[in-house]
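Below you'll find the structure, written out as C-alpha cells, and then a few comments.
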Amino acid sequence: MSKIIVTAALPYSYSIPHLGNFVGSVLPADVYHKYLVMGGEDAIFICGSDQHGTPIEIRAMERHQKPEDFANEMHLKIKSVFERYDCTFTYYGKTHTDQNKEVVYEIFDALQKNGYIVETHSTQAYCNIDKRFLIDRFIEGTCPFCKSDHARGDQCDNCGRLLTPSEIINPKCKICSKSDISFKGTKNLAIKLDSLEPKISEFIELNSRNNWPKAAKNKSQSYIKEGLKPRDITRNMDWGFKVPLEKFHDSVFYVWFDAVIGYIGITKEWDGRKWKSYWTHKDTKLVQFMGKDNIEFHTLMWPGILIGANLGFVLPTTIKSAEYLTSNSEKFSKSRGIGLDLEKCLGILPSDYWRFALMYVYPETSDSEFSIDLLREIVNNIMNDKVGNLIQRVLKLSIANKGLVKKIRIQNEYREAHDKIVAKYKDDFSNFRLREALHSLVELATLGNTIISERKPWESTKKASSDGEVANELSDIFGTLLAISYEIGIMIWPFCPNASENILKHFNVSDTPSLKMLSMEVSVNLEDEPKQLFTKMTDSQIAGLQK
RNA sequence: AGCGAGGUAGGGUAGCCUGGAGUGCCCGCCGGGCUCAUAACCCGGAGAUCGGAGGUCCAAAUCCUCCUCUCGCUACCA
C-alpha cells in the first residue's frame, strides 16, 4: 500500500487564524485525511506553526519577549484551537526545532553542492537607531505620487501604487518611528530557480494532472512562461536558523525557505525513525492543502528546493489550493467584515457546526460568499432540518415500532438511488471534490426523508399486527431508513466527528468509522431515547457573531 | 500596468477541461400533500436572452477572439 502524506499550509505563529485561513487549508486537509483513515490508508496528516520571520521578531520585541518565546506561546494557542475544532493531526509541530534545522541544513548543503546557490547583492533600507535592515513594509512615509502620509515601502494603500523604499519621501522606521534611515548594500544567498526551471516545469506538467485546481496549474505555468529568477533564501536578521557559513554569520534563512522544508522537519519531529520512510518512499503521495495565495511557494519554490537538493524526497502529487471565502465579495480578513476569529466562533457554536458549514461552502472552484445569514441557513435548514431531523424521526419511529424492526438493509426498490449517492460520495473524495462529498451526504438524507413521506409508515403500523404482509413491508422500510441513518453516521465522520459518534452509538458502534463498515451488518439499540443531533441557531448566537 | 480567477433565475452555487434541448443543488417565492419527526419533511410550479459582441461548428454556458465588470496576486508579507 502506498503511503500518503497530507499537509496543510503552516499557519503563521503570529495570531489566531480566522475562518478564511481555516477553510483554506487545515479544515479540508483534516476532512480529507479523516476520509483516508476511513478507507484504511497509510496516511499521515502533518501541519505546524511557521515561527520565523520579521513580523514575529518585531511583535516579540514590542511585547518584551524573546522571538522564540512569543512564537512558542502562539504556537500552543493555535495548536489548541485546531484541536478544539477536532482536527486530528498525526502531528502538529513547529518550524523552530532542531529537527527542522537539521533538514534545512541538509537540504541547503545539497543545494550548494549541486550548484544551485548563488550570492546576490542589493541595497536595503537600514535603520541606524534600531541597527537593523528593514523589510519594505516597515518603512513608512509620504507617497511620491498621491502624497498620502501613510505609504509603506512596498505599496501605498491610498493610491494602490507599488513602491520601492527609496521612493518614499521622508521615510520613517515603523519600529522606532524615527527617520534615521540609510540605504546600505547587503548580500544574500539565493536559489537558482532559473537553472532549475526545466525540471520544475516538467514537474508541473506531469503532476498537475492529479486534480490540481485550475488556478494552481495556470498560475504556475504563467510564472514559468515569464521565466523564473533566482530567489533569496537568506535575510540579514537575527531570528531564524543561522546560515552555516562564516561569510553569512549575520544572516538567517528566510522564513519561506524553512517553512516549506518544515513539512519534512515536522514529520521528523513527529517520529525520528519513520519520517524518512514517508518522505523518501517512491510511491508516497504528497497531498498539500493551501489557500491560493500560497500556490507559487508550493508549485515553484518548494519543488525547486527538492529537485535541486536531489535527496530523494517526494514532490507534491496533488496541490489542492482553495479560492477565498469572501464577505460582500471581498477577501476575508480580520480587519473587515464580521468577527471571525476561530477562537471566538467556537464560543458561539460547537466545532461540528463550523466544520459542516465551512465545508458546505468550501471555495473549491471559485471564491465563495460567506455570511452570518448563510451560516444560519446551513445550520438551521441543512444540518438541523434535513440531516438531524431525519435521524430523529427514523429513530423515534423505530422505537415506537420496535417489533417491526428486523434486518437493517436497503430495500431493493431504493437500492439503485442509494448506491448512486454512496458511489458519488466516494468518487467526490477520490477526485478531491470535498464540498461535493458533503452535498452527496445531504442528498442521502433527502432520500431518507423522501422515503418516509412516500411510504407513510405511520399509517399502516396498526394494521401490521394482523396483516403479515404489511408487517413485512414495514420491516423493509424501517430497515432501509435505519440503514440510511447508519450510513450517514459513517459518512458524516470526516466532517462532523461528534455527530457521527452520536448517531453511531445507536447502532452499538464505538470504533472509528471505516468505509468497510458501510457494508457490514449492524444492530440498532432502540432502548435509549435519541437526543437531538443538532439545534438551530438562536438569535443570541447570531447577535454574538455580529458583535 | 502585467498575470491569475470569476461573472449561470431574487440571493448563493455546480456544470465548462472532454460541445449535444438551460441540466442540477441550497435558500427565498407560489401552490399542494403529510402530521412519524426538532412548526420539521415530501411533491409540484413560477422565475435565466448562462456579463456583452463577434467567430468556429449540424450543434456553444462549454472551444476561439475582442470588450466589460468584480476579486486576487505581482517575487522584501508569510
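The sequence lines fix the lettering, A, B, ..., with proteins before strands; numbering per chain opens at 1.
At most 12 heavy atoms of other shown residues, nucleotides or ligands fall within 6.0 angstrom of atom NZ in A:K463.
Taking the side chain of A:S122 as heavy atoms from C-beta on, and the options B:G11, B:A75, B:C76, the nearest nucleotide is B:C76. Closest contact between the side chain of A:Q392 and the listed nucleotides B:G28, B:A37, B:A5 involves B:A37. Of the candidates B:A75, B:A78, B:C36, B:C36 carries the atom nearest the A:I452 side chain, counting heavy atoms from C-beta on. Of the candidates B:U13, B:C36, B:A78, B:U13 carries the atom nearest the A:S366 side chain, counting heavy atoms from C-beta on. Of the candidate nucleotides B:A78, B:A14, B:C76, B:A14 has the atom lying nearest to any side-chain atom of A:T365. Among the nucleotides B:U38, B:A78, B:G4, the one closest to the side chain of A:N218 is B:G4. Listed nucleotides: B:C76, B:A75, B:U38. Nearest to the side chain of A:Y223: B:A75. In this structure, the nucleotide among B:C76, B:U38, B:U13 sitting nearest to the side chain of A:E369 is B:U13. The side chain of A:E377 lies closest to B:C26 when the candidates are B:A78, B:C26, B:G15. Nearest nucleotide to the A:I382 side chain, out of B:C77, B:C26, B:A37: B:C26.
Mapping A:G227 and A:V361 onto RNA chain B by nearest heavy atom places A:V361 closer to the 5' end of the strand. When each of A:K225 and A:N188 is assigned the nucleotide of RNA chain B bearing its nearest heavy atom, the one mapping closer to the 5' terminus is A:K225.
Among the atoms of the strands shown, only primed sugar atoms or phosphate atoms (P, OP1, OP2) are found under 4.0 Å from some heavy atom of A:N449. Using a 4.0 Å heavy-atom cutoff across all strands shown, A:N389 reaches at least one base atom of the nucleic acid. Across all strands shown, A:T461 has no heavy atoms under 4.0 Å from either base or sugar-phosphate atoms. At a threshold of 4.0 angstrom between heavy atoms, the contacts of A:F138 with the nucleic acid are absent. In this structure, A:P165 reaches neither bases nor backbone, as no heavy-atom distance under 4.0 Å exists between it and the strands shown. Contact annotation for A:Q124: base contact, defined as any heavy-atom pair under 4.0 Å involving a base atom. Nucleic acid contact class of A:E443 (heavy atoms, under 4.0 Å, all strands): none. Within 4.0 Å of A:D136, counting heavy atoms only, lies at least one base atom of the nucleic acid.
A donor-acceptor contact shorter than 3.5 Å links the side chain of A:Y353 to the backbone of A:T535. Between the side chain of A:W239 and the backbone N or O of A:Q51 there is at least one donor-acceptor pair closer than 3.5 Å. A donor-acceptor pair is defined here as one N or O able to donate and one able to accept, closer than 3.5 Å; such a pair exists between the side chain of A:K320 and the backbone of A:F432. A donor-acceptor contact shorter than 3.5 Å is absent between the side chain of A:N100 and the backbone of A:T97.
Within the 4.5 Å cutoff, no side-chain heavy atoms of A:T299 are placed close to those of A:Y223.
For the pair A:K184 and A:Y126, the cation-pi test (distance below 6.0 Å, angle within 45°) is passed. A cation-pi arrangement is not found for A:K406 relative to A:F478, the charged atom failing to lie both closer than 6.0 Å to the ring centre and inside a 45° cone about the ring normal.
Atom name C1', nucleotides B:C50 and B:C16: the rounded distance is 11 Å, in whole Å. Going from the P atom of B:G4 to that of B:A48 covers 34 Å, rounded to whole Å. Going from the P atom of B:U56 to that of B:C71 covers 35 Å, rounded to whole Å. The P atoms of B:C63 and B:G19 are separated by 9 Å, rounded to the nearest whole Å. Spacing of P atoms, B:C34 relative to B:C26, comes out at 23 Å, to the nearest Å. Using atom C1' as the reference point in both B:G6 and B:G20, the two lie 26 Å apart (nearest Å). Here, B:U65 and B:C25 have their P atoms 34 Å apart, quoted to the whole Å. For the C1' atoms, the distance from B:G32 to B:U8 is 30 Å, rounded to whole Å.
For the pair A:N381 CG and B:G12 P, the computed distance is 17 Å after rounding to whole Å. Here B:U74 presents its P atom at 10 Å from CE of A:M301, a figure rounded to the nearest Å. Between the P atom of B:G28 and the CD1 atom of A:I378 lies a distance of 13 Å, rounded to the nearest Å. In this entry the distance linking CD of A:E296 with P of B:C73 reads 10 Å, nearest Å. Between the CH2 atom of A:W458 and the P atom of B:C41 there is a distance of 13 Å, given to the nearest Å. Per the geometry, NZ belonging to A:K292 stands 8 Å off C1' belonging to B:G4, to the nearest Å. In this structure, NZ of A:K420 is placed 13 Å from C1' of B:C25, rounded to the nearest angstrom. Rounded to whole angstrom, the span from the CE atom of A:M383 across to the C1' atom of B:C27 amounts to 16 Å.
Phosphate proximity of B:A39 to A:K536: absent, as no side-chain N or O sits under 4.0 Å from OP1 or OP2. Distances shown here put every side-chain N or O of A:K386 at or beyond 4.0 Å from the OP1 or OP2 atom of B:U38. Between A:W256 and B:C77 there is no side-chain polar atom (N or O) within less than 4.0 angstrom of OP1 or OP2. Between A:R435 and B:A14 there is a side-chain polar atom (N or O) within less than 4.0 angstrom of OP1 or OP2. The side chain of A:Y254 contributes an N or O atom lying less than 4.0 Å from OP1 or OP2 of B:A78. Between A:K214 and B:G6, a side-chain N or O to OP1/OP2 separation shorter than 4.0 Å is present.
When each of A:N188, A:T186, A:D232 is tested with A:T120 by the rule side-chain hydrogen bond (donor to acceptor under 3.5 Å, both in side chains), just one qualifies, namely A:D232.
Taking a pair as Watson-Crick or G-U wobble with both distances under 3.5 Å, RNA chain B forms stems of 3 or more consecutive pairs at B:1-7 with B:68-74, B:10-14 with B:23-27, B:29-33 with B:41-45, B:51-55 with B:63-67.
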Worked verdict on A:K101 versus A:D258 for salt bridge (Lys or Arg N to Asp or Glu O under 4.0 Å): CA-CA 8 Å; A:K101 198 185 203 173; A:D258 65 60; over 6 Å; no

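The aromatic rings of A:Y425 and A:F429 lie perpendicular to each other, with more than 60° between the two planes, well past the 30° mark.
With hydrogens and angles left out, the side chain of A:E459 and the base of B:C36 share no donor-acceptor pair within 3.5 Å. Judged by distance alone with a 3.5 Å cut-off, no donor-acceptor contact links the side chain of A:T450 to the base of B:C41.
For A:H96 and A:F241, the distance between ring centers is under 6.0 angstrom.
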